[in-house]
Amino acid sequence: MPPLKIKKGSSKHSAYDLRDPNAEVLEAHTLAVVVDNEAGVLARVIGLFSGRGYNIESLTVAEIDHEGRRSRITIVTTGTPQVIEQIKAQLGRLVPVYSVADLTVEGPSVQRELALFKVAGQGDKRVEALRLADIFRASVVDSTLESFVFELTGTPEKIGAFADLMRPLGLIEVARTGIAALARGAQSETA
Amino acid sequence: MTRKMTGAKMVVQALLDQGVDTVFGYPGGAVLPIYDEIFQQEGIRHILVRHEQGATHAAEGYARSTGKPGVVLVTSGPGATNAVTGITDALMDSIPMVVLTGQVPTFAIGSDAFQEADTVGITRPCTKHNWLVKDTESLSQTIHEAFHVATSGRPGPVVVDLPKDVQFATGTYHGPREARRSHYAPQIKGDMEAITALVEAIETAEKPIFYTGGGVINSGPAASQLLRELVEATGFPITSTLMGLGAYPASGDKWLGMLGMHGLYEANLAMHGCDLMINVGARFDDRITGRVSDFSPKSKRAHIDIDPSSINKVIRTDIPIIGDVGHVLEDVLRVWKSRGRRVNGEALAKWWNRIEAWRDVDCLAFKPSEKTIKPQHALARLEALTKDHDRYICTEVGQHQMWAAQYLGFEAPNRWMTSGGLGTMGYGFPASIGVQVAHPDALVINVAGEASWLMNMQEMGTAAQYRLPVKQFILNNERLGMVRQWQQLLHGERYSHSWSEALPDFVKLAEAFGFKGIQVKDPSDLDDAIREMIEHDGPVLMDCLVEKHENCLPMIPSGEPHNKMLLGEMTAKDAIGSKGAVLV
Ligand SMILES: Cc1ncc(C[n+]2csc(CCOP(=O)(O)OP(=O)(O)O)c2C)c(N)n1
Ligand SMILES: [Mg+2]
């Protein structure tokens, strides 16, 4: 029998996943997951994503109900529709998970992120940074003679756009919170 | 009723209140308070294993053969890490199991204390859920919750990590009824609309097949009963995964045998050619589907599963039904009967004709030999001589396991214990101990390969100590047979490290532990040796020397579809294509 010419790692396929990864388009979905705020719950969710090879684009978590000890995790993930369905089902079977809502399919939603930008510079660049910050409705939360810290809330695109503009003007550091999202309208998607 | 007691006493009390009669365990520093309580009571029997992995597999055997959760008690650090293989095994095969691990005292956690391991961290991905109990007040509730999670929905293993100071401290004990229930409540009843859609499909299908799995067994004996009723009433053929054997009797005339990589020709071809596939509690494992893109290309698929994540995970389903197999089958039967018990009789008769033609191929035929014992022959004789006994079969992992699934017949659920999902060598012997503990008067046989069996051979001590008359039936080919077979198929017959070198003298080994040792190598002595094994009132180690280079067939090579099976004496050449070669 002639030896097989197989390079190690030359195929992404395993016996456990024979789907053609190119057969379907990747979609980004925003998931809102309400969980028991107990020790290790975030590790469980993150471990699920890393263990099963799912993507995390953004993840935020904070307690939303102190008395009921519940937290809300907002995850932006990408995958084929089948993978997205699988992610939701896998999240749903974790014992501390109350509800999983897919804000991308369940109607329109609002998505916001907060970011802090440190911009250092002098002269014209400093003036231009301030002017652009004003246009973006970013507020100045710290200033020295050679730097500003701007605070900006908005969609990830808006924050990305602001970062692009600040870069030539002396952007030296960015901190972003990741996305928080809610469905529009009077209904609760996670209740 | 609430009472004050120490955490250690609570553990024992909670187990008693959960109806636990047996615990498989091994003591150590971090569980000494619990062992002290075990010493002072009579209600729970503790089986002292010889290695913590043995405890987990014994608990699996106990659980699988009784339908009750298996319970394990081990110490911190190495005790917990030794249990990880069995916990993972139970997760893959959906076996209910509660593992109690000792932990260093809460104030020492994180300090790299002696025998400290991050047990909840290590076991997070291999349990259904786990808990670190930080104070005695919440201990009893956590244990009750652990039993609830392990046994409800899709069963699985859970770990409760118990720091030593929590065991010593005093708190309030809550019984199972007063315990706070979590919101964890999987869906049991199936959606009626989907059930009706399935009934409609049953009424018109021309080439239907039931494809059943371990979920039927897990759902309980009533589910197997309902499945039998539905199969008999519709007259549809039925096949099953490795995990589902026994739900429908092997002697039933609708039975096509096991499907999958080493499944029967008729079962796999019927799956490939069917127009309606009714998946009952199986999960489209890669050992079943082969190449997914060519899997059963023309069928409409219904899938009954209690775990929503099983649906559409691998294979797209047309009629998904989330719910407990027993409940759903009951509804399917009721609706089907109320609509007039219709099936497409004419088409069905034609379908059976095709299946009969596949059956005539007789894919399990083998060439017997007068000189050496063929492993298939050994199992056929074991079947003939034991099938009328109150019999439980365990296996290790390898060729012998697949032959056992092919050549032994299972008439009832909970009689077949094998490591399916994880494929854990070393599972069978300790599992047989767990089965025998639960069924002291039954004939418990572990069909083993010599290599697998050696992986947990220390459990001979356990079997001897508790006088458990387990029968270890070793098909000794002096090879890691399944590895050797793949090397023959795939790696140019370069048998890299697939020899079982330096094997012990199994008869002497048996005697050293107080087992009866039997060696047989002549086919004409086989029946007598098997009878001697069965009749001996005590544990037996049978060294059955078999043909060394026998291959396990039929076989669907990795990455091939169902209709590309290898039958009969195979040619090693090009059996697995270059794409299949990267698969496991
Ligand atoms: C713990 C573990 N290690 C390695 C393997 C890979 N493996 C699968 S079958 C097999 C050989 C088993 O040999 P034996 O028990 O003698 O059974 P046979 O195939 O010869 O019947 C091996 C090494 C495994 N399944 N489990
Ligand atoms: Mg062997």
**Item:** Residues of residues 39-78 of chain A with any heavy atom under 4.5 Å of a heavy atom in chain B
**Value:** Ala39(A), Gly40(A), Ala43(A), Arg44(A)
**Asked** With distance as the sole test, does Gln86(A) use its side chain to make a donor-acceptor pair with the main-chain N or O of Asn312(B) at under 3.5 Å?
**Response** no
**Message:** In the structure I gave you, are the side-chain heavy atoms of His129(B) and Pro96(A) within less than 4.5 Å of one another anywhere?
**Reply:** yes
**Message:** I need the minimum non-hydrogen distance between Ala89(A) and Ser309(B), along with the two atoms involved.
**Reply:** CB-CA, 3.4 Å
**Contacting moiety of Leu132(B), where chain A heavy atoms sit under 4.5 Å** = neither
**Message:** What residues of residues 115-142 of chain A make heavy-atom contacts with chain B at a cutoff under 4.5 angstrom?
**Reply:** none
**Message:** Is it true that, when you exclude Gln187(B) itself, more than 12 heavy atoms of the residues, nucleotides or ligands shown sit nearer than 6.0 Å to its CD?
**Reply:** yes
**Side chain to side chain, Asp36(A) and His183(B), heavy atoms closer than 4.5 Å** = yes
**Asked** For Gln90(A), is it the side chain, the backbone, both, or neither that has a heavy atom closer than 4.5 Å to a heavy atom of chain B?
**Response** both
**Prompt:** At a heavy-atom separation under 4.5 Å, does Asp307(B) approach chain A through its side chain, its backbone, both, or neither?
**Reply:** side chain
